[in-house]
Enquirer: 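Below is one structure. I have some questions about it.
When reading the values below, keep in mind they use all heavy atoms of this one structure, side chains included, and skip hydrogens, waters and symmetry mates. Every value quoted in this text rests on a predicted model; they were computed, and no experiment measured them.
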Amino acid sequence: QVQLVESGGGLVQAGGSLRLSCAASGDIGSIATVGWYRQPPGKERELVALISRASRTLYDDSVKGRFTASRDNAAGTVYLQMNKLKPEDTAVYYCNARIRDAKFGYWGQGTQVTVSS
């Protein structure tokens, strides 16, 4: 059983930066790849980034070069550094932890990111 809590969201002007955290507790050792997702208002949830346990990463084209995912496996924390933010980045951001040898994962409650013009 894994619990996830996102934090670090807030209101920022275009061009600014935020650092999101996804803190895991419970059976941390069972976590494999972690995904960052976002859901803009009125739209479907979409993938932002993936980071494997070995810190291999994949980014959506919309954030490539601006966002960087990282993780500290011992601490059970995954980060998303967001730079050069745009109004289009406004969304609720969620982390999702995939579990080794399982066909399910765990979601956090989300954190709101609002980027103003």
Side-chain angles (χ1 to χ4, degrees):
Q1 227 277 331
V2 172
Q3 298 81 42
L4 303 174
V5 178
E6 300 97 335
S7 62
L11 176 63
V12 65
Q13 289 188 332
S17 298
L18 286 173
R19 182 178 171 88
L20 305 184
S21 297
C22 174
S25 60
D27 190 8
I28 296 173
S30 70
I31 298 173
T33 295
V34 173
W36 282 101
Y37 297 77
R38 66 186 180 187
Q39 187 165 17
K43 298 182 179 180
E44 295 182 354
R45 191 171 299 186
E46 62 188 23
L47 177 67
V48 175
L50 292 172
I51 181 165
S52 73
R53 191 164 182 87
S55 292
R56 298 190 183 277
T57 54
L58 176 151
Y59 301 95
D60 184 77
D61 286 343
S62 66
V63 307
K64 196 173 298 180
R66 300 188 297 120
F67 291 11
T68 303
S70 60
R71 65 191 289 172
D72 182 338
N73 292 329
T77 306
V78 179
Y79 304 95
L80 186 68
Q81 178 68 45
M82 307 186 297
N83 299 325
K84 299 181 179 180
L85 284 161
K86 305 174 180 179
E88 307 93 271
D89 296 319
T90 295
V92 178
Y93 283 71
Y94 301 89
C95 61
N96 174 267
R98 304 182 192 275
I99 305 302
R100 290 194 230 153
D101 302 320
K103 294 185 177 181
F104 65 91
Y106 295 93
W107 291 94
Q109 295 298 310
T111 185
Q112 176 71 50
V113 171
T114 303
V115 184
S116 66
S117 301

Enquirer: Got a sec, which residues hit side chain to side chain donor-acceptor pair (under 3.5 Å) with Ser55, two or more places apart in sequence or on another chain?
Expert: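 In terms of side chain to side chain donor-acceptor pair (under 3.5 Å), with neighbours along the sequence ignored, Ser55 is linked to no residue.
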Enquirer: Which residues satisfy the side-chain contact (heavy atoms from CB on, under 4.5 Å) test with Ala54, sequence neighbours excluded?
Expert: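 For Ala54 the side-chain contact (heavy atoms from CB on, under 4.5 Å) partners, ignoring immediate neighbours, are Ser52.
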Enquirer: Give the other cluster members for Leu58, using side-chain heavy-atom distances under 4.5 Å between Ile, Leu, Val, Met, Phe, Trp and Tyr residues; answer none if it is isolated.
Expert: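 Once heavy-atom contacts under 4.5 Å are chained together, Leu58 belongs with Tyr37, Leu47, Leu50, Val92, Tyr94, Trp107.
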Enquirer: Hydrophobic cluster membership, with links at side-chain heavy-atom distances under 4.5 Å among I/L/V/M/F/W/Y: are Ile28 and Phe104 in one?
Expert: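 No; tracing contacts between hydrophobic side chains, which count when under 4.5 Å, never links both residues.
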Enquirer: With side-chain hydrogen bond (donor to acceptor under 3.5 Å, both in side chains) as the rule and sequence neighbours excluded, what pairs involving residues 7-21 come up?
Expert: Ser17-Asn83
Enquirer: Taking the side chain from Arg100 and the backbone from Gly29, do they hold a donor-acceptor pair closer than 3.5 Å?
Expert: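 Checked: pair present.
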Enquirer: Restricting to side-chain contact (heavy atoms from CB on, under 4.5 Å), what partner residues turn up for Ala74, sequence neighbours left out?
Expert: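 Ala74 satisfies side-chain contact (heavy atoms from CB on, under 4.5 Å) with Asp72 once adjacent residues are dropped.
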Enquirer: If you compare all heavy atoms of Ala23 against all heavy atoms of Thr77, which two are closest, and at what distance to 0.1 Å?
Expert: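 That closest heavy-atom pairing would be CA-OG1, 4.4 Å.
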Enquirer: For the CG atom of Leu80 and the CD1 atom of Ile51, what is their distance to the nearest 0.5 Å?
Expert: 9.5 Å
Enquirer: How long is the span from the CD atom in Glu6 to the CD atom in Gln112, to the nearest 0.5 Å?
Expert: 12.0 Å
Enquirer: Sort and list the pairs that fulfil ring pair (Phe, Tyr, Trp, His ring centres under 6.0 Å) and have at least one residue in residues 50-75, not counting sequence neighbours.
Expert: none
Enquirer: Going by the rule side chain to side chain donor-acceptor pair (under 3.5 Å), which residues pair with Gln109 if we only count those two or more places apart in sequence or in a different chain?
Expert: none
Enquirer: What pairs of residues pass the salt bridge (Lys or Arg N to Asp or Glu O under 4.0 Å) test when at least one of them lies in residues 30-45, not counting sequence neighbours?
Expert: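 Qualifying pairs: Arg38-Glu46, Arg38-Asp89.
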Enquirer: Under a 4.5 Å side-chain heavy-atom rule over Ile, Leu, Val, Met, Phe, Trp and Tyr, are Ile99 and Trp36 clustered together?
Expert: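 Ile99 clusters together with Trp36.
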Enquirer: Please report the shortest heavy-atom distance between Pro40 and Ala91, naming the atom on each side.
Expert: N-CB, 3.5 Å
Enquirer: What are the two closest non-hydrogen atoms of Ile31 and Ala97, and how far apart are they?
Expert: CG2-CB, 3.8 Å
Enquirer: Can you name the nearest heavy-atom pair linking Thr90 to Pro41, along with the distance?
Expert: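 The answer is O-CD, 3.9 Å.
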Enquirer: Keeping Asn73 on the side-chain end and Arg53 on the backbone end, is there a donor-acceptor pair under 3.5 Å?
Expert: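 At least one qualifying donor-acceptor pair exists.
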Enquirer: Going by the rule side-chain contact (heavy atoms from CB on, under 4.5 Å), which residues pair with Val12 if we only count those two or more places apart in sequence or in a different chain?
Expert: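 Scan of Val12 (side-chain contact (heavy atoms from CB on, under 4.5 Å), adjacent residues dropped) gives Leu18, Leu85, Val115.
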Enquirer: At their closest point, which heavy atom of Thr111 faces which heavy atom of Gly8, and how far apart are they?
Expert: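 Closest approach of Thr111 to Gly8, heavy atoms only: OG1-N, 4.2 Å.
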Enquirer: Enumerate the disulfide bond (SG atoms under 2.5 Å apart) contacts for residues 19-104, please, sequence neighbours excluded, ordered by first and then second residue.
Expert: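 Matches after skipping sequence neighbours: Cys22-Cys95.
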Enquirer: Can you give me the closest heavy-atom contact between Leu4 and Tyr106, atom names plus distance?
Expert: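 Looking at all heavy atoms of both residues, the closest pair is CD1-O, 3.1 Å.
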Enquirer: Going by the rule side chain to side chain donor-acceptor pair (under 3.5 Å), which residues pair with Lys86 if we only count those two or more places apart in sequence or in a different chain?
Expert: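 Expected list: none.
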Enquirer: Got a sec, which residues hit side-chain contact (heavy atoms from CB on, under 4.5 Å) with Ser25, two or more places apart in sequence or on another chain?
Expert: Gln3
Enquirer: Could you check if a side-chain atom of Leu20 sits within less than 4.5 angstrom of a side-chain atom of Val113, using non-hydrogen atoms only?
Expert: yes
Enquirer: Is it true that a side-chain atom of Arg98 and a backbone atom of Thr33 form a donor plus acceptor pair closer than 3.5 Å?
Expert: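 Pair absent, no side-chain N/O of Arg98 close to backbone of Thr33.
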Enquirer: When clusters are formed by joining ILVMFWY residues with side-chain heavy atoms under 4.5 Å apart, either directly or through shared neighbours, do Val63 and Tyr79 land in the same one?
Expert: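 No, Val63 and Tyr79 fall in different hydrophobic clusters.
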